[in-house]
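Chain naming here is simple, since letters A, B, ... match the order of the sequence lines and numbering starts at 1 in each.
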Amino acid sequence: MTLKVLCVAEKNDAAREISRLLSNNQSSRREGLSKFNKIYEFSCEMLNNNASVSMTSVSGHLMTYDFTGPFKGWEKCPPVALFSAPILSFCPENYQPIKKTLEREAKKNEVLVLWTDCDREGENIGAEIRDVCLSANNRIRVYRARFSEITFRSIKTAIQRLESLDEKLAAAVYCRQELDLRIGAAFTRFLTLRLQKVFPADLADQLVSYGPCQFPTLGFVVDRYKQVQQFVPETFYKLKAVVMKNDISVDFSWSRGRLFNRAVTEIFLEMCQEHPTAVVSRVASKSKSKWRPLPLDTVEFEKHASRKLHINAKQAMSIAEKLYTQGLISYPRTETNLFPASMNLVPLVQEQTQDGQWGDMARQILADTPNPRRGNKSDQAHPPIHPIKYAPNLQGDEKKVYEFIVRHFLACCSKDAQGMETSVDICVSQEEFSAAGLVITQRNYLEVYPYDKWSDKNIPNFTQGESLPTERIELVEGETTPPLLLKEADLIALMEKHGIGTDATHAEHIETIKSRRYVGVQQDGTFLPGMLGMGLVEGYDEIGYNLSKPYLRAELEADLKAICLGQKNKDDVIKSMVEKYKQVFIETTANAIKIDQSLSSYFGTPEPMGPEQGDMRGGGDDLLPLAKCRSCLQFDMYFKTTREEKWILSCVGYPQCKYIVFFPSGVTHAKTESEQLCNRCPHPPVHKARLTFERGTIPYFLQGDIPNVFIGCLFCNEDIKRAGIELRNMSSHPPTVAHSHNSYQSVVPQNSFTIQDTPHNSNNNNPIASGRRDLGFDPTNPPPPVKRYSDGTSHYTKHPRVTEPPSGGDDDNFVVCNCGARANLLTVKKEGPNTGRKFYTCMTNSCKYFLWDPRSDPSMDTRPPRQDPTQMSSYVPPTGDPFMSLYPNRPDSNSHNQSVCCRCGEQAKLLTVQKQGNNHGKQFYSCPKPREQGCNFFQWADEERRDSFSPPQRGRGGNSFSKVSRGGPRLCSICRQAGHNKKNCPNSNPF
DNA sequence: GCAAGGTC
């Protein structure tokens with residue numbers, strides 16, 4: 001029996017090479033949907049079967065991450081919301097062909113073997129491949145091949161010991177990805193939006209970013225610059241003895257090195273000058289070798305290119321990649337600095353014998369057999385960088401880079417340079433001096449490697465015990481010098497030392513801080529911090545977090561390691577790190593003025609920016625959410641001002657969730673009280689709000705210690721209602737928002753509305769409208785097309801009080817539900833039988849009217865949405881709705897579970913939320929009288945927040961329900977305890 | 001328009 005196996009490697013090169021090895025050079029090649037990722041086919045033994053194998057590849061990560069909907073817009077949500085915003089995982093457009101190839105091939109095969117690189121990222125890429133393949137073929141069996149290098153032996157061993165994917169490694173990468181995105185985006189948006197406003201003259205178009213790699217890199221440059229600035233030179237003194245031998249003058253240096261006290265040095269000088277004869281105390285000769293370089297890895301390549309060729313790291317890497325794609329050199333991204341024992345270097349050296357400059361050297365190496373040193377690093381995937389083919393016709397920098405790689409390779413394969421070092425010690429009046437000379441005996445690798453310097457230094461022959469007159473003894477004065485400013489190669493070395501970025505990304509991070517104007521490069525290649533970079537680091541230092549230091553990142557790295565080892569759990573790490581960084585962020589925003597001040601020493605007077613500007617542009621202290629949205633329960637709600645400068649409280653889920661609360665015009669400022677939580681509201685935390693009123697507009701009984709200021713919960717406070725602080729709200733049921741690792745958004749709005757007015761009463765006179773809710777959509781008798789502002793024949797009618805939309809265009813998406821609120825035309829995005837279908841849904845949570853758009857493709861499934869008489873709505877959203885599965889809680893027949901809705905007199909049901917989620921098990925009252933008849937009231941059993949959920953037309957105040965239960969003690973409606981009522985409840989709000 | 005990590 002033949003087993004059908006799909007193998008997937010991390011990149012095409014690896015797939016090709018592994019196929020070659022597994023097939024004994026017998027694989028055939030065909031095209032995949034991605035032109036960069038071929039499919040290699042062959043047969044071999046696998047899992048004790050004859051396997052027919054298709055081997056293909058991805059190109060690194062298949063999936064990428066981003067925020068969704070409202071969180072994508074820079075000014076649509078406050079940056080702090082990004083710490084809890086949902087994240088969408090999706091396959092970007094240019095990788096779709098790869099994904100489609102995987103899906104297609106997965107369907108044809110029984111087994112999937114993952115051949116991604118054996119590192120953390122590789123494990124995660126493996127998991128991405130697995131998820132895609134399983135979604136196309138859920139019966140495919142998944143294995144992981146582990147190999148340390150792409151050699152016949154390693155590959156064979158791997159195939160005999162197929163394992164399972166290490167979920168821990170994959171999880172660590174998910175963790176890194178999520179944190180990098182949240183932290184980077186939040187800080188970047190905040191900084192950019194704020195500083196563009198504060199320093200419009202200099203930074204109006206400047207992107208000011210924060211990244212956990214770029215910022216510490218900037219920190220290194222600033223640190224060194226400061227060391228140089230703060231350096232105070234010190235004068236030192238030393239002695240020098242000059243001796244003539246065979247007409248050659250030799251400088252001997254003092255064994256005491258240097259002293260910082262002139263008087264003391266002068267005493268030694270006088271002593272020597274009193275008895276100036278030098279006696280040779282020791283002459284020693286020993287052989288010395290200068291080691292040939294180690295095989296070249298990426299980091300060394302970048303450093304050498306920068307130092308010796310004066311080509312910056314980023315540029316050097318892009319040239320190397322070009323040479324690689326031309327087949328001239330090996331893969332340039334490698335952490336390996338030792339050639340695998342199995343690798344045959346002879347043909348590679350052979351190639352270079354043709355060259356006029358280094359051909360002789362290549363021949364010499366072949367005569368001696370190439371023998372490179374073995375370094376101590378291996379990424380177990382790629383060999384060190386080496387030339388593949390001889391390339392005589394390159395020009396410019398390409399030629400320089402290629403030549404360097406060839407010379408370095410030949411130098412590696414050559415022998416160490418040999419020399420003889422002679423050291424001579426002399427004694428002058430008990431003070432010791434020494435000198436050394438060098439004679440190079442065999443240049444060896446130096447012949448081909450001009451980048452290293454090792455020169456002869458001639459000194460004459462001295463004999464131990466001989467006495468010589470000193471030519472002179474002198475006091476030399478010098479000054480200590482500051483450290484040198486960093487050059488690119490030093491910066492890369494520091495990044496490597498502190499684990500900032502990876503070998504593949506060092507050059508990119510350096511490029512980023514250059515392009516963001518954080519640093520500049522001088523003519524001599526040294527890095528100077530720019531005004532922006534300097535100011536940012538100073539500002540952050542002022543705030544007190546070492547964001548420009550590598551520590552925080554190092555802590556994350558340690559956590560990631562712990563995840564890999566199974567000592568920590570991914571979700572815990574994300575939770576704690578998000579919380580940590582969020583606190584840092586909040587403190588940073590609260591102290592943002594310090595950043596302004598630091599920058600103001602470079603960019604002049606800042607434009608004042610305070611908390612009064614409570615918009616999304618990064619300022620002030622309005623960045624705390626008040627609570628989770630009362631409508632969608634998914635997103636946070638924030639205070640903000642409208643264009644007309646009226647205060648509102650809105651859900652950041654807009655436009656997916658349009659819940660919004662309007663305040664009366666007397667409110668001049670609204671803010672979340674960071675320290676005060678409401679102890680009665682569920683779904684904590686619900687913060688109390690601080691509303692500032694215009695003088696004279698606030699009722700006397702609301703005034704507390706501070707005149708004209710109200711502090712209290714907006715969702716369960718009777719006083720608010722009595723005071724006439726009308727919390728008008730409009731909302732829509734939000735579509736499901738995809739969370740991490742979901743590849744779809746189920747529903748997205750076709751357009752977005754701005755809310756212009758309060759909804760009004762339902763139009764009870766419209767028979768079609770009022771009947772529709774009960775009947776649902778009748779497929780046998782499809783209604784006429786829905787028109788905007790229909791003439792009464794449509795299911796939606798224009799309510800006379802709704803303001804005309806400003807455009808006046810023929811906007812079919814704009815309709816008014818029979819409850820008076822706006823209804824949206826939405827499209828199902830989730831893959832399934834209804835993909836692409838459009839439907840209308842009312843924006844108010846308490847209505848949730850649903851209707852398929854009859855203009856949708858009639859061949860689609862036109863069954864009406866699932867109806868359940870116990871459900872609140874005729875529309876059942878896919879997931880995420882706490883009201884989705886509501887079933888009456890009827891365990892007994894006594895009246896204990898019943899209340900009478902005092903508004904309409906109907907008996908209200910006490911229901912229990914069955915669906916798993918935040919509200920699981922919670923009880924609520926629901927009046928069964930249809931909305932069209934003016935009721936359909938909703939209220940959680942354990943709280944009072946009627947206005948949030950009641951139909952807008954209901955009057956304020958008064959209790960809609962009177963309990964008919966006669967059993968048990970009467971409980972306080974605030975704290976649910978017996979013995980008092982809400983008027984004298986000890987837990988009540990003081991207002 | 002944000003990050004960093006893979007890779008072409």
Nucleotide B:dA4, atom P - distance to CG of A:Leu560 in whole Å: 14 Å
Length of the CZ-C1' vector between A:Arg120 and B:dA4, whole Å: 11 Å
Atom-to-atom span, CG of A:Asp503 to C1' of B:dG6 - whole angstrom: 13 Å
Nucleotide nearest A:Phe67 (side chain, heavy atoms from C-beta), chosen from B:dC2, B:dG1, B:dA4: B:dC2
Heavy atoms of other groups near A:Lys580 NZ, more than 12 under 6.0 Å: no
Candidates B:dA3, B:dG5, B:dG6 - which lies nearest the side chain of A:Tyr95: B:dG6
Sugar-phosphate, base or nothing in reach of A:Tyr210, heavy atoms under 4.0 Å: sugar-phosphate
Contact nearer the 5' end of DNA chain B, comparing A:Thr64 with A:Val58: A:Thr64
Listed nucleotide nearest any side-chain atom of A:Asp66, set B:dA3, B:dG5, B:dC2: B:dC2
Candidate nucleotides B:dG5, B:dT7, B:dC2, ranked by approach to the side chain of A:Thr505 - the nearest: B:dG5
A:Thr502 vs B:dG6: side-chain N/O to OP1/OP2 distance below 4.0 Å: yes
Sugar-phosphate, base or nothing in reach of A:Tyr331, heavy atoms under 4.0 Å: sugar-phosphate
Between A:Gln214 and A:Ser209, a side-chain donor and acceptor under 3.5 Å: yes
Verdict with reasoning, A:Phe215 to A:Phe187, per ring-ring contact (aromatic ring centres under 6.0 Å, His included): CA-CA 11 Å; A:Phe215 232 73; A:Phe187 277 92; 8.7 Å; no
Closest to the A:Cys213 side chain, choosing from B:dA3, B:dC2, B:dG5: B:dG5
Nearest to side-chain heavy atoms of A:Thr188, which nucleotide of B:dG1, B:dC8, B:dA3: B:dA3
Contact under 4.0 Å: A:Gln177 side-chain N or O vs B:dA3 OP1/OP2: no
Any side-chain donor near an acceptor of the partner, A:Thr116 and A:Arg144, under 3.5 Å: yes
Rounded distance (Å) that lies between atom C1' of B:dT7 and atom CG of A:Asn124: 14 Å
Distance-only donor-acceptor hits, side chain of residues 314-321 of chain A, under 3.5 Å, sequence neighbours excluded:
from     : atom 1 : to       : atom 2 : distance (Å)
A:Ser318 : OG     : A:Gln315 : O      : 3.3
A:Glu321 : OE2    : A:Arg333 : NH1    : 2.8

Sugar-phosphate only, base, or nothing, as touched by A:Glu321 at under 4.0 Å among non-hydrogen atoms: nothing
Which nucleotide in B:dG5, B:dT7, B:dC2 has an atom nearest any side-chain atom of A:Asp117: B:dT7
Position toward the 5' end of DNA chain B (nearest nucleotide), A:Asn12 or A:Ala186: A:Ala186
Sugar-phosphate only, base, or nothing, as touched by A:Gly501 at under 4.0 Å among non-hydrogen atoms: sugar-phosphate
Options B:dC2, B:dG5, B:dA4, nucleotide nearest the side-chain atoms of A:Arg189: B:dC2
Value in whole Å for how far the C1' atom of B:dC8 lies from CG of A:Asn37: 9 Å
Contact under 4.0 Å: A:His61 side-chain N or O vs B:dA4 OP1/OP2: no
Using atom types as modelled, flag every donor-acceptor pair under 3.5 Å from a side chain in residues 199-208 of chain A to any protein atom, sequence neighbours excluded.
from     : atom 1 : to       : atom 2 : distance (Å)
A:Gln206 : OE1    : A:Arg517 : NH1    : 2.8
A:Gln206 : NE2    : A:Arg516 : O      : 3.0

Min side-chain heavy-atom separation A:Arg120-A:Cys564 under 4.5 Å: yes
Side chain of A:Ala504 - closest among B:dC2, B:dA4, B:dG6: B:dG6
Residue-phosphate contact under 4.0 Å: A:Arg516 side-chain N/O, B:dC2 OP1/OP2: yes
Nucleotide nearest A:Phe36 (side chain, heavy atoms from C-beta), chosen from B:dG1, B:dG6, B:dC8: B:dC8
Spacing of A:Lys35 atom NZ relative to B:dT7 atom P, expressed in whole Å: 20 Å
Length of the NE2-P vector between A:His506 and B:dG6, whole Å: 10 Å
Rounded interatomic separation in angstrom, taking CD from A:Glu508 and C1' from B:dT7: 10 Å
